[in-house]
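Here the structure comes first, spelled out in structure tokens, and everything after it is commentary.
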Amino acid sequence: MPDAMPETSVLGLTLKNPVIVGSGLLTDQERTIRRLLEEGAGAVVTKTIHPSPPRDLDERIVRLPVGMLNSTTYSKRTVDHWLGVLRSFAADRLPVIASLHADSPAQLGRLAQQAEAAGAPALELGISCLNEGETADDDNPDRVYAYTSETRGRTSLPLSVKLAIGEGLGDRVRAAVAGGADAITISDTIAGAAVSRETGGLELNGVFGYSGPGIKPLVVAAIWQLRQRGFDLPILGVGGITSGRDVADYLSAGANVAQVYTALHTDMYPTLRRIVAETEELLGGPADAPVAALGPAAGAGT
């Protein structure tokens, strides 16, 4: 049996391992989040909390041979509901990161204040979702800076800004840092589409978020390039993780922790247990073991 994994520090949290469950449909309920932590997750990110989520959209997922398309947006549960849930997590000192977004920077800042008052230990700003009618072009540096700086002005909590890979990523990362981000989460879903064999039209009737193993090489490359250019804040890597080897790959490229999500849509708890066990097999060891070879030298925590 391998020795226990060294603890991981990110966003002010000390985690028992670097495997975090990312934000999505699977993290929309308190009991599920608690179970994911019990099954071994180092931390869990809530489904994105929004003061006025769209309610007239056809929100679905489509499984592809590799990965998944989804047209989902934000949690439909009220802010008051989530504040109660965050207070419950805080009472038990659970490592749960609140994912937040809003229709304006000022509204997001107020929501962050509420989350902090409820005891949330850290935030992830889910400002790059493209499923609400926005496109990748809409996620520009000015927008990223506006949301990040307004939130930073309203809360002292450690916060990560979740961005999608693609053109202009470096400029968006710099805007997030200038706005006061403590870390960056890369990557949100990217634009994807699939043709229906039955109708000949696009599945979900349009272009929506694609996630899964197909984006892993792209995200790994983006993280590696950021580190090569001297970016030294913590990075939460996400995209296509299906195994402990994938987690180790992200750490080798420069991520501090790795978020798993899409893979958990199949056999959620057994899949999580397997990924955590495989990660422990690869990374476990005493403090003087060569674990650092699998992790970044920069941005060890915040």
Side-chain angles (χ1 to χ4, degrees), residues 21-28 32 45 47-48 50 53-76 99 101 103 124 126-140 143-144 162-172 185-225 236-243 245-247 249-250 253 258-268 270-272 274-275:
V21 177
S23 175
L25 288 171
L26 302 180
T27 63
D28 196 32
T32 306
V45 186
K47 185 163 175 59
T48 302
H50 196 293
R55 298 184 180 276
D56 56 351
L57 301 179
D58 182 18
E59 299 193 356
R60 294 182 290 140
I61 64 171
V62 173
R63 296 177 185 271
L64 303 177
V66 177
M68 185 175 76
L69 288 171
N70 82 87
S71 59
T72 65
T73 55
Y74 314 112
S75 176
K76 302 302 182 290
S99 175
H101 190 30
D103 289 334
E124 183 176 87
I127 64 174
S128 296
C129 176
L130 56 80
N131 287 352
E132 201 183 352
E134 295 179 344
T135 68
D137 293 336
D138 295 319
D139 196 23
N140 58 65
R143 178 179 179 275
V144 171
K162 190 173 186 179
L163 300 172
I165 56 171
E167 185 174 355
L169 176 62
D171 290 336
R172 287 179 281 125
T185 302
I186 302 172
S187 168
D188 208 325
T189 57
I190 64 174
V195 176
S196 168
R197 294 184 179 181
E198 288 73 27
T199 69
L202 293 187
E203 297 279 10
L204 304 176
N205 297 314
V207 175
F208 290 100
Y210 172 68
S211 62
I215 75 169
K216 180 194 163 189
L218 309 179
V219 183
V220 167
I223 292 171
W224 186 85
Q225 288 170 337
L236 293 79
V238 53
I241 290 175
T242 63
S243 68
R245 181 72 260 171
D246 292 326
V247 174
D249 288 349
Y250 268 98
Q259 293 188 11
V260 57
Y261 180 75
T262 300
L264 302 184
H265 274 266
T266 302
D267 299 327
M268 176 165 52
T271 298
L272 176 62
R274 175 182 57 77
I275 292 172

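Basis for what follows: all heavy atoms, side chains included, without hydrogens, waters or symmetry-related copies. Starting from 1, each residue takes its place in the sequence as its number.
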Are side-chain heavy atoms of [X] and [Y] found at a separation under 4.5 Å?
X: Gln259; Y: Ile241; value: no
X: Thr72; Y: Lys47; value: yes
X: Thr32; Y: Thr27; value: no
X: Leu169; Y: Leu163; value: yes
X: Lys162; Y: Ile127; value: no
X: Ile61; Y: His265; value: yes
X: Met68; Y: Val62; value: no

Across all chains, not counting sequence neighbours, the side chain to side chain contact (heavy atoms under 4.5 Å, CB included) partners of Ile215 are Ile190, Tyr210, Val219
Name all residues meeting the side chain to side chain contact (heavy atoms under 4.5 Å, CB included) criterion together with Thr266; count only those two or more places apart in sequence or in a different chain, and write none if there are none. Arg63
Restricting to salt bridge (charged side-chain N to carboxylate O under 4.0 Å, His left out), what partner residues turn up for Asp267, sequence neighbours left out?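 For Asp267 there are no salt bridge (charged side-chain N to carboxylate O under 4.0 Å, His left out) partners, ignoring immediate neighbours.
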Lys/Arg-Asp/Glu bridge criterion (N-O < 4.0 Å) met for Lys76, Asp28: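 Salt bridge between Lys76 and Asp28, a charged N being under 4.0 Å from a carboxylate O: no.
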Could you tell me which non-hydrogen atom of [X] sits nearest to which non-hydrogen atom of [Y], and how far apart they are?
X: Ala263; Y: Thr271; result: O-CG2, 3.8 Å
X: Pro213; Y: Thr242; result: CG-CG2, 3.9 Å
X: Tyr250; Y: Gly239; result: OH-O, 2.6 Å

Are a donor atom and an acceptor atom from the side chains of Glu124 and Ser99 found within less than 3.5 Å of each other?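 Ser99 and Glu124 do not have a side-chain donor-acceptor pair below 3.5 Å.
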